[in-house]
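Below is one structure; the comments refer to it alone.
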Amino acid sequence: MKKIVTRFAPSPTGYIHIGNVRSAIYPYLAARQSGGTFILRIEDTDQARYVEGATDLIMDTLKWLGLDWDEGPEVGGPNAPYFQTQRKNLYLQWAKKLIANGRAYADPTDSNTIQGYRDSDNAKKIPYLYRNHRPEITPEWQPGMPIRFKADPKPRKWHDEVMGDLSAGPEVQDDIILIKKDGLPTYNFAHIVDDFLMNVNMVARGVEYLSSTPNYLALYEAFGIDQPLLVSLPHILAPQGNKKLGKRDGAKSATEYRDDGILPEAMLNYLACLGWNDGTEQEIYTKEELIKNFSLDHIQNSGARYDEVKLLWMNGQWIRKLVSEQGIDKFYVRTVDFWPNSAENFDDNYKKRVLSIIYDRLKTLSDLREMTTYFFEDPKFDIEQLLANKFVKKFSEQELFSMLEATIVKLSSINNWNEENLKIALNELLETTGKKPAELFSLIRISVSFAPFSPALDLTLNVLGKETTLSRLNKVKTALVLDQQ
Ligand code: GLU
């Protein structure tokens, strides 16, 4: 297998959309599978869109997902630096090579004149192409002057690993800007130079670059360099409609998902499978399995729809998988930031016991905040809520009082408060009261938790402990008496 040398080349413009993250995953998998190289290159030449701190966010995200890079910021490499602004002079040299070969020119035209060309072409209803206005006399390049490519418009054909065989006519090829007025290169130019110097042989990026590809092909040709494998990744679509997923459709940045309690394994799995499958029904993949099974030809060529419900389902699967593989102690470490505030006063052991009975109901780690408060503080007492429950409301308050009284007597008699004895006591209570589990257990469960659901009752009471259980049951019993007076 040919070693894939590829890169993730984000622009540090702030928020990292999960679609951008997926553009890192596929090249990463291809590089790792082939024993090749995964490069992180920061494309920071658009100063107007530059956001301080965005590079750290990108690196945090990659690290969180376990997408380690072989070359790039922090790790260095033979082609350092990996920030394009630090490579500024190099692009100028390469642009000058093209000027020397007659394939580029310094453009003295001022912006008003350019606007005039655009307006007059629009008025004539002809497509605006700068090459139709290429200046006849071009000066020596001086700082402050853009450098433009001299297009060689002709029909072009190429192969895209996802989109198949493609072609474009001359009408999309133009005198694109290589070096801007500020002396920095455009994306269109810089990535060609960098990919070549960094020996990149596979370029995977969003499908939005497809329309510019004929111009890139012209640049490869002008430099006499081989075209890398081109992989266009379709958009991730919003949950509804036929549009690209955006912030407004509820898409968060990868780090927001992390803060919401999504596991990196689940996020990686979900994003990798959003628009790719290995042809089987398998849905849960570890990173190693993804590396092993990945193939470019199974990337879908149409947009995949973002589905948060699926992501949450997958996260729940991963929570269970990790607990069963690693055990509660190890998994607990990941949950430390997600407990309710009132859990602060409890030791790790107690929290681990809570975790061990609730983990299989979690969709995200942050569910712990809502789902476990009654283990750490008395729940908000609301007798009306209790009486409104569909099982509880079948009984009069007098009957409920008796059921609770029987429960309190029975549970008080347990000397050794453990799961097994609780199970026996609860079963005996069903027999002596003649009530159905849904009836009696709903009453007990709500009385101790005031929560919409809880783990199995014996497990819940066991963790809560005898004292807390009895005091909460007594509180409800007393309220029922008072209600009747
Ligand atoms: N800097 C470009 C972006 O963030 C990268 C495209 C590419 O991977 O070449 O969209």
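Indexing begins at 1, ligand by ligand and atom by atom, following the structure's order.
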Donor-acceptor under 3.5 Å (T186 side chain, I177 main chain): yes

query: Got the closest protein heavy atom to atom 3 (C) of ligand 1, with its distance?
result: Y209 OH, 3.3 Å

task: Decide whether an N or O pair under 3.5 Å exists between A9 and ligand 1.
output: yes

task: Classify the contact between F8 and ligand 1 as side chain, backbone, both or neither, using a heavy-atom distance cut-off of under 4.0 Å.
output: neither

query: Looking only at heavy atoms, what is the nearest atom pair of P73 and I42, with distance?
result: CG-CG1, 3.8 Å

- prompt: What are the atoms of ligand 1, with element, lying closer than 4.0 Å to any heavy atom of S11?
  reply: 1 (N), 2 (C), 3 (C), 4 (O)

message: Can you classify the ring geometry of F294 versus W276 as parallel (below 30°), tilted (30 to 60°) or perpendicular (above 60°)?
response: tilted

query: What atoms of ligand 1 come closer than 4.0 angstrom to any heavy atom of R205?
result: 7 (C), 8 (O), 9 (O)

Proximity of F223 and W94 rings by center, below 6.0 Å: yes

- line: In terms of its nearest heavy atom to atom 1 (N) of ligand 1, the top option of R7, R41, E43 is E43

- prompt: Is the Y187 ring parallel, tilted or perpendicular to the H191 ring (thresholds 30°, 60°)?
  reply: parallel

message: Among R148, K150, R134, R131, exactly one meets salt bridge (charged side-chain N to carboxylate O under 4.0 Å, His left out) together with D175. Which residue is that?
response: R134

Contact atoms of ligand 1, heavy-atom distance to Y187 under 4.0 Å: 2 (C), 5 (C), 6 (C), 7 (C), 9 (O)

- request: Please identify which atoms of ligand 1 are closer than 4.0 Å to at least one heavy atom of P10.
  value: 4 (O)

